[in-house]
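Lettering of chains follows the sequences in order, A, B, ..., and the numbering in each one begins at 1.
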Protein chains: 2
Amino acid sequence: MNTKEKILSKAIVLFADKGYSGLSMRMLATAVNMSVASIYHHFPDKDALYLEAVSYAFSGKELIFSQVWESDSTPVEKLGKFVRSLIDVITLDPDFHRLMQREIMEADAERMQLLAQGVFQKQFSLLMQLARELAPELDAHLVATSIIGLVKHYLDNKPLHRHFPGWKPEHEQLEVIAEHITTLLLNGLNIPQVRQ
Amino acid sequence: MNTKEKILSKAIVLFADKGYSGLSMRMLATAVNMSVASIYHHFPDKDALYLEAVSYAFSGKELIFSQVWESDSTPVEKLGKFVRSLIDVITLDPDFHRLMQREIMEADAERMQLLAQGVFQKQFSLLMQLARELAPELDAHLVATSIIGLVKHYLDNKPLHRHFPGWKPEHEQLEVIAEHITTLLLNGLNIPQVRQ
DNA sequence: GTCTATATGGCGATAGAC
DNA sequence: GTCTATCGCCATATAGAC
């Protein structure tokens with residue numbers, strides 16, 4: 001890993017944690033044990049550094065779901081695998097996830113399009129195709145959105161829900177979340193289930 | 001509306017838009033046509049101002065759902081009303097919603113508890129009770145979370161989903177969203193539906 | 001490619017007049 | 001309760017030596 005990549009990977013963590021305006025070049029320089037001027041040798045300005053960090057965080061994320069789509073499972077099995085994979089991606093790389101959350105909240109239309117097409121589009125298309133197989137009578141875009149929404153909400157709001165009535169530690173176990181969501185979805189999509 | 005409230009309501013808008021570190025006291029002062037020093041007459045420091053703005057944004061939000069719970073509707077009707085009310089609250093006060101999003105992302109454990117208990121707990125409890133009536137065999141906490149998650153995800157990610165395949169303008173119509181979600185949920189909760 | 005030193009300006013916050 | 005003026009610090013960014 002060269003110097004530039006070293007800076008970028010630290011920047012991902014710190015931008016994810018503090019946001020664009022919350023992280024100063026001084027802080028980043030200290031974190032990577034360099035002077036501010038040295039960072040400016042690699043990037044023209046803070047904005048370019050931020051954008052490069054976001055793209056860098058993307059790289060490789062597309063391949064994680066390949067096991068879901070390439071397997072010759074039934075659509076119902078694929079749904080279970082997708083839910084589980086999405087939970088894993090979000091859980092295993094929390095910095096990537098937080099950076100995405102911030103981008104979705106703060107990006108302008110141009111950056112949003114980059115985000116949609118560069119990172120998520122392929123997976124969303126494949127998920128829509130699965131949605132069509134599972135529930136041909138429903139709007140595939142809305143169904144795909146619902147699947148992602150259910151998973152993301154659980155994970156995004158975990159620290160909040162801990163303080164809600166009825167919360168149990170097991171609600172944070174990934175298997176419990178995954179099973180609840182798939183059950184809800186399979187019923188919601190009108191698919192008869194076989195008891196395991 | 002007195003001076004303090006004038007400052008707070010402007011602060012809500014600007015904090016929601018730019019975040020804590022993204023909004024400077026100078027900017028806020030300009031926005032409310034005052035000097036920075038005058039603002040410091042009403043608030044001890046920026047942090048206290050932010051916290052007061054967050055509490056101020058909360059006020060009155062609890063009462064919006066009363067029509068849902070006080071009506072003598074059936075549980076199924078109540079679910080529809082709740083989904084619609086949640087969509088309305090989020091849509092009609094986007095600044096409140098963005099401020100909440102930022103709080104959920106950035107607050108520490110103490111602030112998170114305040115948020116959960118001070119703002120959302122009562123509504124969440126009532127929603128859990130409804131969940132128990134709708135689907136006694138499922139975990140009410142998880143069901144309530146799912147209902148909120150479906151609604152919130154659609155609205156939080158609207159600007160992103162516009163760039164996804166299969167998107168249609170009608171996907172942003174509140175009625176379309178509300179109907180899709182309730183349909184999905186009623187199936188998901190195993191409740192037989194009557195065709196309208 | 002890295003550093004020290006520095007320019008320039010915005011930051012949170014305060015003093016003290018009116 | 002509002003203002004002007006100011007403090008001390010940190011921000012982004014650059015110049016130029018090694």
Under 3.5 Å, which donor-acceptor pairs do the side chains of residues 37-45 of chain A form with other protein atoms, sequence neighbours left out?
residue, atom, partner, partner atom, Å
Ser38(A), OG, Ser35(A), OG, 2.9
Asp45(A), OD1, Asp47(A), N, 3.4
Asp45(A), OD1, Ala48(A), N, 2.9

Distance-only donor-acceptor pairs under 3.5 Å for side chains of residues 6-13 of chain A, two or more places apart:
residue, atom, partner, partner atom, Å
Ser9(A), OG, Glu5(A), O, 2.9
Ser9(A), OG, Lys6(A), O, 3.2

N/O donor-acceptor pairs under 3.5 Å from side chains in residues 23-33 of chain A, not counting sequence neighbours:
residue, atom, partner, partner atom, Å
Ser24(A), OG, Met27(A), N, 3.1
Thr30(A), OG1, Arg26(A), O, 2.9

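Rounded to whole Å, the distance from CE on Met25(A) to P on dT2(C) is 14 Å. Following rounding to the nearest Å, Asn33(A) (CG) and dG1(C) (C1') show an atom-to-atom distance of 16 Å. Arg26(B) has its CZ atom 13 Å from the C1' atom of dT4(D), to the nearest Å. dT2(C) atom P lies 13 Å from atom CG of Leu28(A), rounded to whole Å.
Salt bridge Asp156(A)/Lys152(B): absent, no basic N to carboxylate O contact under 4.0 Å. A salt bridge is defined here as a Lys NZ or Arg NE, NH1 or NH2 lying under 4.0 Å from an Asp or Glu carboxylate O, and Lys78(B) with Glu133(B) fails to meet this definition. Between Glu106(B) and Arg111(B), none of the side-chain N atoms (NZ, or NE/NH1/NH2) sits under 4.0 Å from a carboxylate O, so this pair counts as no salt bridge.
For residues 108-129 of chain A, the set of pairs meeting the ring-ring contact (aromatic ring centres under 6.0 Å, His included) definition, not counting sequence neighbours, comprises Phe124(A)-His141(A), Phe124(A)-His161(B), Phe124(A)-Phe164(B).
Between the side chains of Tyr20(B) and Ser21(A), no donor-acceptor pair is found at a separation under 3.5 Å.
Between its two ends, the helix from dG1(C)-dC18(D) to dC18(C)-dG1(D) turns its axis by 0°, counting five pairs per end and rounding to 10 degrees.
At a threshold of 4.0 angstrom between heavy atoms, the contacts of Leu49(B) with the nucleic acid are absent. Here Leu23(B) lies in heavy-atom contact (under 4.0 Å) with sugar-phosphate atoms only.
Shown for residues 34-46 of chain B: residues whose heavy atoms fall under 4.0 angstrom of DNA chain D, namely Met34(B), Ser35(B), Ala37(B), Ser38(B), His41(B), His42(B).
In this model, the phosphate group of dT2(C) is approached by a side-chain N or O of Thr3(A) to a distance below 4.0 Å at OP1 or OP2.
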